[in-house]
Number of protein chains: 2
Amino acid sequence: MLNYQAPLDLAFQALADPTRRIMVERLSQGPASVSELAQPLDMTLSAVVQHLAVLEASGLVRSEKVGRVRTCRIEPKALHSAERWISERRASWERRLDRLGAFLVETEPTIKPRRKK
Amino acid sequence: MLNYQAPLDLAFQALADPTRRIMVERLSQGPASVSELAQPLDMTLSAVVQHLAVLEASGLVRSEKVGRVRTCRIEPKALHSAERWISERRASWERRLDRLGAFLVETEPTIKPRRKK
DNA sequence: CCAATAGTTAAGTGTATGCTTAACTATCAA
DNA sequence: TTGATAGTTAAGCATACACTTAACTATTGG
């Protein structure tokens, strides 16, 4: 596999970890400091900072430090492109099923059809 | 972290790999055999089978073998629950921004407002 | 029957991930 | 100025991941 990580790789990878989903969940309700993010999590601050780094690298989260506190917030764009990827797959799958359905209706217009002719 | 993998972990983890996304993309256009899935991929069949196992474990794909060919198809439910998780986060984030917007409008009804009173 | 096809399984390898501890830096408040 | 707060960074460790090769098992067309 290549070393270059496409945006979607990073976004889905980031969302694959339950700790990071909790962080995103928290941030979807509004900005938070690193310690606030860490508070419900049963791990060291250090680990949380590392998760945050993954979230930032994925583009899902942005943060800025003022004084000694770093304030984090979600970056909706990355979340949106992950969502879009999925919904596009769903769309193409649904289109296919529609065509299939249409074909079946056309071929066999009634349930238990009498043999034609 | 626990050893138990929540469904969302597995789904996002599965989607995090570009090879597996290609496979899902292919399957969203319709069922395919393992070799058909492997055809555009630059790796051994063995590796593809292993990716398929990940996709099946995540619930994103289902397959059945008849004769010597295994036919794979996507399982929309898992894809849908991943999509839903994201859209729910987005919803809560948008609600918050709406409230914030309303608050700002209420507090400061005009741009560059004249000082009240 | 037998060779080609389609897939499976096990073992090994290098790299990435999710943590921990520990030592460190900056900011704020008394 | 000093101690508490908030976060950062490096090193180490165990486990998980994405492959490969190689040996193997069915199925099927001729």
Side-chain angles (χ1 to χ4, degrees), chain A residues 1-27 31-73, chain B residues 1-27 31-73:
Chain A
M1 204 43 58
L2 287 171
N3 198 14
Y4 167 73
Q5 296 277 70
L8 276 180
D9 292 45
L10 295 173
F12 284 127
Q13 184 72 261
L15 293 176
D17 186 278
T19 298
R20 288 192 293 260
R21 282 203 308 280
I22 289 172
M23 293 169 75
V24 168
E25 232 155 300
R26 171 58 249 272
L27 291 175
S33 70
V34 176
S35 328
E36 277 164 1
L37 287 178
Q39 184 254 301
L41 302 172
D42 188 23
M43 65 185 65
T44 62
L45 225 212
S46 173
V48 173
V49 169
Q50 289 169 63
H51 279 299
L52 180 60
V54 172
L55 287 169
E56 294 213 50
S58 77
L60 287 164
V61 166
R62 174 173 47 93
S63 78
E64 61 195 328
K65 194 169 182 175
V66 41
R68 60 186 163 172
V69 1
R70 175 174 297 278
T71 301
C72 314
R73 56 194 80 238
Chain B
M1 205 41 58
L2 289 169
N3 198 13
Y4 166 74
Q5 296 278 69
L8 276 180
D9 292 46
L10 296 174
F12 284 127
Q13 185 71 261
L15 294 176
D17 187 279
T19 298
R20 287 191 294 260
R21 282 202 308 282
I22 290 171
M23 293 169 74
V24 168
E25 232 153 303
R26 170 60 249 271
L27 291 176
S33 71
V34 177
S35 328
E36 277 164 1
L37 287 178
Q39 184 253 302
L41 301 172
D42 188 23
M43 65 185 65
T44 62
L45 225 213
S46 172
V48 174
V49 169
Q50 289 169 63
H51 279 298
L52 180 61
V54 172
L55 286 169
E56 293 213 51
S58 77
L60 287 165
V61 167
R62 175 171 47 93
S63 77
E64 60 195 329
K65 194 167 182 175
V66 40
R68 59 185 164 175
V69 0
R70 175 174 297 279
T71 301
C72 313
R73 55 195 80 238

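Convention: sequence-line order gives letters A, B, ...; per-chain numbering from 1.
Rounded to whole Å, atom P of D:dC17 lies 16 Å from atom CE of B:M43. Rounded to whole Å, atom P of D:dA26 lies 9 Å from atom NZ of B:K65. Between B:L45 atom CG and C:dT9 atom C1' the separation is 13 Å, expressed in whole Å. The CD-C1' distance, from B:E64 to D:dA26, rounds to 17 Å in whole Å. Atom CZ of B:F12 is separated from atom P of D:dC17 by 16 Å (rounded to the nearest Å). Look at CG on A:L52: it is 16 Å from C1' on C:dT17, rounded to the nearest Å. In this structure, A:L37 atom CG and D:dT8 atom P are separated by 11 Å, rounded to whole Å. Here D:dC17 presents its P atom at 11 Å from CG of B:D17, a figure rounded to the nearest Å.
Remark: DNA chain D takes part in the stems C:1-30 with D:1-30, each of 3 or more antiparallel Watson-Crick or G-U pairs, criterion distances under 3.5 Å.
Residue B:M23 is tested with B:V54, B:V61, B:V34, B:L41 for a side-chain contact (heavy atoms from CB on, under 4.5 Å); the sole match is B:L41.
Under the side-chain contact (heavy atoms from CB on, under 4.5 Å) criterion, B:L10 pairs with B:Q5, B:S58, sequence neighbours left out. Residues that satisfy the side-chain contact (heavy atoms from CB on, under 4.5 Å) test with B:R62, not counting sequence neighbours, are B:R73, B:E75. Residues meeting the side-chain contact (heavy atoms from CB on, under 4.5 Å) test with B:R26, sequence neighbours left out: B:A32, B:E36, B:L37.
Checking B:D42 against A:T71, the closest nucleotide of DNA chain D that is more toward the 5' end is the one next to A:T71.
For B:L27 against B:C72, the heavy-atom pair with the smallest separation is CD2-O, 3.3 Å. The two residues A:E56 and A:S63 have their closest heavy-atom pair at OE2-OG, 2.7 Å.
Neither OP1 nor OP2 of D:dC17 sits under 4.0 Å from any side-chain N or O of B:H51.
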Footprint string (nucleotides 21-30 of chain C, 5' to 3'): B base within contact, S backbone only, - free, heavy atoms under 4.0 Å: B-----BS--
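Applying the side chain to side chain donor-acceptor pair (under 3.5 Å) test to residues at least two apart or on different chains, the pairs with a partner in residues 37-48 of chain A are A:S46-A:Q50.
Without hydrogens or angle criteria, A:R21 side chain to A:L15 main chain gives a donor-acceptor distance under 3.5 Å.
Contact check for B:L52 versus B:R70: side-chain heavy atoms found under the 4.5 Å cut-off.
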